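Please read the structure below before turning to the comments.
Ligands are counted one by one from 1 in listed order, and the atoms in each one are counted from 1 as well. Everything numeric here is computed off the predicted structure, so don't read it as measured data. Any value given below was found using the heavy atoms of this structure, including those in side chains, with hydrogens, waters and symmetry copies removed. Counting begins at 1 with the first residue of the sequence.
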Amino acid sequence: MVTGATSGIGKATALKLAENHFDLIITGRRKKYLDSLKDQILKKYSVQVLVLNFDVRNREEVNQAIHNLTEDWRKINILVNNAGLAVGLDFIQEGDHNDWERMIDTNIKGLLYVTRAVAPLMIKHGKGHIVNIGSIAGKEVYEKGNVYCGTKYAVDAITKGMRIDMLKHGIRVTSICPGLVETEFSIVRFKGDSEKAKVPYKGITPLTGENIADAIIYAVTRPPHVNINDMVIMPTAQANSSYIHREF
Ligand code: NDP
Ligand code: 8X3
């Protein structure tokens with residue numbers, strides 16, 4: 001099950017999981033994108049695909065979608081908690097309350113709602129692997145990153161906590177933390193301003209969704225006794241959140 005499969009890292013991950021013979025539950029808010037991804041996968045791979053259309057911020061929708069699954073689909077082996085976003089890039093004293101709410105509700109509470117609904121199914125089934133998409137922004141802060149970084153630091157802490165709670169159930173918990181990946185992320189952050197959205201990637205070769213999907217496939221295909229705790233993946237041109245070598 002991949003949350004946020006309509007674009008970017010989630011879509012690339014769904015495609016690579018299908019290539020690796022996993023049946024898929026793909027989720028997101030934009031149903032037509034999920035339907036067309038389903039068609040794309042079914043044309044190319046011999047796997048089953050189920051579309052679940054919900055907003056991770058809506059606890060009722062999340063619970064209903066998971067509770068309505070048929071017995072077969074309840075055997076979720078892998079959950080990729082990918083749905084997330086940054087909205088705005090502002091000094092803390094100028095930040096927009098609505099942007100803050102959207103990031104906190106999606107990146108922290110949404111991830112918690114989905115995990116709370118799926119983890120009991122994994123425990124019942126006797127196995128599972130939860131992959132949380134964190135960020136370099138959850139390892140170091142940067143100017144104007146304040147609240148987005150806060151949400152990704154929360155994902156980092158929640159991931160570590162989950163790993164302890166899942167220990168006795170044999171459920172693996174992995175955190176994947178990318179640097180700059182060119183997806184719809186920046187367009188969402190800058191609220192549709194495509195010129196501003198290009199700026200973070202200027203003069204560098206950024207990561208792609210496929211690069212992160214590769215890492216996820218690596219983590220979920222290790223032998224059952226091996227858990228990849230945490231991977232930080234950066235473009236070669238990016239040393240950390242602040243040091244980026246741009247060639248113009
Ligand atoms: P995209 O904007 O391309 O994809 C985000 C996905 O999240 C979309 O499928 C979107 O689907 C989904 N999503 C957003 N809000 C909700 C919601 N409320 N309910 C359900 N789904 C939602 O960005 P990325 O692929 O880059 O981002 C994926 C993850 O990777 C995020 O958690 C992000 O923080 C993280 N990340 C991204 C980095 C980057 O540089 N791009 C770097 C490090 C981490 P829809 O709009 O259809 O609901
Ligand atoms: C996305 C990475 O550095 O653009 O999580 O915030 S960054």
Side-chain angles (χ1 to χ4, degrees), residues 1-15 26-37 51-59 61-62 65 80-89 99 101-114 131-156 158-159 175-192 196-201 204 206-213 215-216 231-235 237-244:
M1 175 170 170
V2 181
T3 68
T6 58
S7 85
I9 295 169
K11 181 176 178 181
T13 302
L15 284 163
I26 49 174
T27 87
R29 290 168 301 178
R30 290 171 293 177
K31 186 163 183 314
K32 68 173 185 182
Y33 287 16
L34 293 172
D35 290 338
S36 83
L37 177 60
V51 165
L52 290 184
N53 182 210
F54 60 79
D55 185 325
V56 296
R57 293 171 296 179
N58 185 325
R59 194 173 1 141
E61 278 185 23
V62 172
V80 183
N81 272 319
N82 164 76
L85 78 186
V87 202
L89 186 69
D99 294 349
E101 306 282 359
R102 280 179 67 194
M103 291 188 276
I104 291 166
D105 289 350
T106 309
N107 301 356
I108 307 178
K109 291 164 73 179
L111 179 143
L112 288 172
Y113 295 159
V114 174
V131 179
N132 291 334
I133 308 303
S135 171
I136 187 63
K139 307 284 185 188
E140 333 158 1
V141 288
Y142 53 89
E143 188 177 78
K144 301 179 182 174
N146 43 62
V147 176
Y148 177 68
C149 293
T151 66
K152 290 298 181 179
Y153 268 76
V155 170
D156 199 55
I158 290 164
T159 304
S175 161
I176 303 281
C177 301
L180 289 163
V181 191
E182 194 161 14
T183 60
E184 289 181 13
F185 177 86
S186 201
I187 295 166
V188 173
R189 170 170 251 175
F190 295 109
K191 303 174 185 177
K196 267 193 187 169
K198 285 182 197 147
V199 172
Y201 312 113
I204 68 160
L207 297 168
T208 63
E210 288 73 22
N211 298 146
I212 305 308
I216 294 169
M231 267 200 238
V232 180
I233 308 160
M234 307 291 280
Q238 184 181 14
N240 64 19
S241 280
S242 310
Y243 282 86
I244 300 165

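- Contacts with ligand 1 closer than 4.0 Å are made by heavy atoms of both the backbone and the side chain of Thr6.
- Ligand-side atoms of ligand 1 in range of Tyr148: 33 (C), 34 (O), 36 (N), 44 (C), range being under 4.0 angstrom from any heavy atom.
- Residue Ile133 has no N or O atom closer than 3.5 Å to an N or O atom of ligand 1.
- Counting the atoms of ligand 1 from 1 in the order shown, those under 4.0 Å from a heavy atom of Leu180 are 40 (O).
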(message) Go through it in stages, so that I can follow the logic: the residues are Ile212 and Thr13, the test is side chain to side chain contact (heavy atoms under 4.5 Å, CB included), and I'd like the CA-CA distance, side-chain angles, deciding distance and then a yes or no.
(response) CA-CA 8 Å; Ile212 305 308; Thr13 302; 5.7 Å; no

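- Residues satisfying the ring pair (Phe, Tyr, Trp, His ring centres under 6.0 Å) criterion with Phe185, sequence neighbours excluded, are Tyr148.
- In the model, Thr159 has no side-chain atom that pairs as donor or acceptor with a side-chain atom of Asp156 under 3.5 Å.
- Protein heavy atom nearest atom 25 (O) of ligand 1, with residue, atom name and distance: Ile9 N, 2.8 Å.
- Nearest non-hydrogen protein atom to atom 14 (C) of ligand 1 is Arg29 NH2, 3.5 Å.
- Of the protein's heavy atoms, Val56 N, 3.0 Å lies nearest to atom 19 (N) of ligand 1.
- Looking only at protein heavy atoms, the nearest one to atom 12 (C) of ligand 1 is Gly4 CA, 3.5 Å.
- Ligand 1 has no nitrogen or oxygen under 3.5 angstrom from a nitrogen or oxygen of Gly28.
- Listed by atom number, the atoms of ligand 1 under 4.0 Å from Gly134 heavy atoms are 43 (C), 44 (C).
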Protein N/O near ligand 2 N/O, under 3.5 Å, which pairs?
residue	atom	partner	partner atom	Å
ligand 2	5 (O)	Ser135	OG	2.5
ligand 2	5 (O)	Tyr148	OH	2.6
ligand 2	6 (O)	Tyr142	OH	2.3

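- Of the heavy atoms in Glu182, none comes closer than 4.0 Å to ligand 1.
- Residue-level proximity to ligand 1 for Tyr113 is absent, since no heavy atom of it falls below 4.0 angstrom.
- Checked against a 3.5 angstrom limit, the closest N/O atoms of Asp55 and ligand 1 fall inside it.
- Looking only at heavy atoms of the protein, atom 22 (C) of ligand 1 is closest to Ala83 CB, 3.7 Å.
- At least one N/O-N/O distance between Thr183 and ligand 1 falls below 3.5 Å.
- For the pair Val181 and ligand 1, the shortest N or O to N or O distance falls below 3.5 Å.
- Of the protein's non-hydrogen atoms, the one nearest atom 5 (C) of ligand 1 is Gly84 O, 3.7 Å.
- Residue contact check: Asn82 has heavy atoms under 4.0 Å from atoms 28 (C), 29 (C), 30 (O), 31 (C), 32 (O) of ligand 1.
- The contact set between ligand 1 and Gly8, taken as ligand atoms under 4.0 Å from a residue heavy atom, comprises 3 (O), 25 (O).
- With ligand atoms numbered from 1 in the order given, ligand 1 contributes 9 (O) to contacts under 4.0 Å with heavy atoms of Ala5.
- Residue contacts with ligand 1 for Phe54 involve N, CA, C or O but no side-chain atom from C-beta outward (heavy atoms, distance under 4.0 Å).
- The distance from ligand 1 to the heavy atoms of Pro178 drops below 4.0 Å at these ligand atoms: 42 (C), 43 (C), 44 (C).
- For ligand 1, the polar-atom distance check finds no N/O of Gly10 at less than 3.5 Å from any of the ligand's N/O atoms.
- Within the model, atoms OH of Tyr201 and CG of Leu180 stand 6.0 Å from one another, a figure rounded to the nearest 0.5 Å.
- Ser7 OG, 3.2 Å is the protein heavy atom nearest to atom 1 (P) of ligand 1.
- Between Thr183 and Ile9, the shortest heavy-atom distance links the atoms CG2-N, 4.1 Å.
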(request) Please assess Glu184 against Arg30 for the test salt bridge (charged side-chain N to carboxylate O under 4.0 Å, His left out), listing each intermediate value before the final yes or no. (result) CA-CA 13 Å; Glu184 289 181 13; Arg30 290 171 293 177; 3.1 Å; yes

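- What sits closest to atom 42 (C) of ligand 1 on the protein, heavy atoms only, is Gly179 O, 3.1 Å.
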